[in-house]
J.: 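Pasting a structure below so you can have a look.
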Amino acid sequence: DSGVTQTPKHLITATGQRVTLRCSPRSGDLSVYWYQQSLDQGLQFLIQYYNGEERAKGNILERFSAQQFPDLHSELNLSSLELGDSALYFCASSVGPINQPQHFGDGTRLSIL
Amino acid sequence: ELKVEQNPLFLSMQEGKNYTIYCNYSTTSDRLYWYRQDPGKSLESLFVLLSNGAVKQEGRLMASLDTKARLSTLHITAAVHDLSATYFCAVDRTGTASKLTFGTGTRLQVTL
């Protein structure tokens with residue numbers, strides 16, 4: 001158990017819809033990361049937050065957004081969903097913002113029908 | 001753009017045999033990670049390699065890092081069925097915000 005909690009574990013929805021994925025980092029970790037794992041693209045970094053502020057951005061679509069709240073939990077919002085958004089979305093956390101080991105949650109499996 | 005390549009993509013090996021997974025990356029980095037993933041599961045951290053020449057071992061797995069060659073290896077000794085999983089290397093560029101760039105993964109199947 002990494003200590004990183006992601007909810008929900010599974011999500012099934014339709015094209016055009018909007019969903020929110022939630023992540024609670026390990027106790028004491030200030031940095032949260034989001035990754036997408038799909039068969040087409042492999043594991044890709046989406047975005048990083050540190051202590052409530054966006055720190056780094058990767059291959060995140062404009063239809064996707066994220067935020068980190070004062071209690072350090074984070075949410076990833078995916079809108080106007082397309083079939084290609086079906087993937088496993090991981091959250092990870094670390095103590096600091098740079099060059100820190102990242103601990104991964106169990107992921108949210110998103111299926112678009 | 002940082003690129004990370006792993007080979008082989010798929011490896012089927014018999015129990016008791018040895019093999020090596022290779023991870024090449026395209027730009028300077030002094031920090032390399034190895035993760036294990038079981039099907040549909042999370043990523044489990046195996047090794048963190050921080051400097052040139054670093055070698056770490058845990059059980060039947062040994063990882064090494066050559067920053068000059070931009071190469072890391074994961075060596076499997078006397079494989080057992082429980083090692084069957086997908087193994088990823090990931091690179092974190094020193095001095096920037098932490099965003100791991102992952103390799104394609106190597107799916108290891110150890111047969112009895």
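A note on names: the letters A, B, ... follow the listed sequences, proteins ahead of strands, and every chain is numbered from 1. What you see is a predicted model, and the numbers here were worked out from it, not measured in a lab.
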J.: Can you confirm whether A/Glu54 is buried at CD, in the sense that more than 12 heavy atoms of other residues, nucleotides or ligands lie under 6.0 Å from that atom?
T.: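 Yes - once you tally the heavy atoms of other residues, nucleotides and ligands closer than 6.0 Å, there are more than 12.
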
J.: If you tally heavy-atom pairs under 4.5 Å against chain B, which of A/Gly96, A/Gly107, A/Gly105 wins?
T.: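 The option with the most such pairs is A/Gly105.
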
J.: Rounded to the nearest 0.5 Å, what separation is found between the NZ atom of B/Lys99 and the CG atom of A/Asn59?
T.: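 Between B/Lys99 NZ and A/Asn59 CG, I get 8.5 Å after rounding to 0.5 Å.
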
J.: For a 4.5 angstrom cut-off between non-hydrogen side-chain atoms, does A/Phe104 reach B/Gln37?
T.: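 Not in contact.
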
J.: Counting only heavy atoms not in B/Arg70 (residues, nucleotides, ligands), do more than 12 fall under 6.0 Å from its CZ?
T.: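 Enclosed: over 12 neighbouring heavy atoms sit under 6.0 Å from CZ of B/Arg70.
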
J.: Could you walk me through whether B/Leu100 and A/Tyr35 pass the side-chain contact (heavy atoms from CB on, under 4.5 Å) test, one step at a time?
T.: CA-CA 9 Å; B/Leu100 297 178; A/Tyr35 292 86; 3.4 Å; yes

J.: Assess the pair B/Phe102 and A/Phe45: is the distance between their ring centroids shorter than 6.0 Å?
T.: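 For B/Phe102 and A/Phe45, the ring centres are not under 6.0 Å apart.
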
J.: Find the one option among A/His103, A/Arg55, A/Gln102 whose heavy-atom pairs under 4.5 Å with chain B are most numerous.
T.: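 Option with the top pair count is A/Gln102.
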
J.: Going by heavy atoms in the side chains, are A/Leu43 and B/Thr101 under 4.5 Å from each other?
T.: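 Of all side-chain heavy-atom pairs linking B/Thr101 with A/Leu43, none is under 4.5 Å.
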
J.: Quick check for you: to the nearest 0.5 Å, what is the distance between B/Ser42 atom OG and A/Gln37 atom CD?
T.: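 Here the interatomic distance stands at 9.5 Å.
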
J.: Check A/Arg109 against B/Gly40 and note the closest heavy-atom contact, atom names and distance.
T.: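 Looking at all heavy atoms of both residues, the shortest contact is NH2-CA, 4.0 Å.
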
J.: Give a yes or no on whether A/Leu113 atom CG has more than 12 heavy-atom contacts from other residues, nucleotides or ligands under 6.0 Å away.
T.: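 Yes, the 6.0 Å shell around CG holds more than 12 heavy atoms from other groups.
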
J.: Are A/Val4 and A/Trp34 linked, directly or through intermediate hydrophobic residues, by side-chain heavy-atom contacts shorter than 4.5 Å (ILVMFWY only)?
T.: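 In one cluster with A/Trp34: A/Val4, no.
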
J.: Which answer fits A/Gln48, side chain, backbone, both or neither, if we ask what part of it has an atom under 4.5 Å from a heavy atom of chain B?
T.: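 For A/Gln48, the contact with chain B is made by the side chain alone.
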
J.: If you group Ile, Leu, Val, Met, Phe, Trp and Tyr by side-chain heavy-atom gaps below 4.5 Å, do B/Val80 and B/Leu74 land in one group?
T.: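 They do share one cluster, since a chain of ILVMFWY contacts under 4.5 Å joins B/Val80 to B/Leu74.
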
J.: Give a yes or no on whether B/Phe47 and B/Met62 share a hydrophobic cluster (residues Ile, Leu, Val, Met, Phe, Trp, Tyr; joining criterion: side-chain heavy atoms under 4.5 Å apart).
T.: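 Cluster IDs for B/Phe47 and B/Met62 differ.
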
J.: Do B/Leu50 and B/Tyr33 land in one hydrophobic cluster if side-chain heavy atoms of ILVMFWY residues count as linked below 4.5 Å?
T.: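 Same cluster: B/Leu50 reaches B/Tyr33 through Ile, Leu, Val, Met, Phe, Trp or Tyr contacts under 4.5 Å.
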
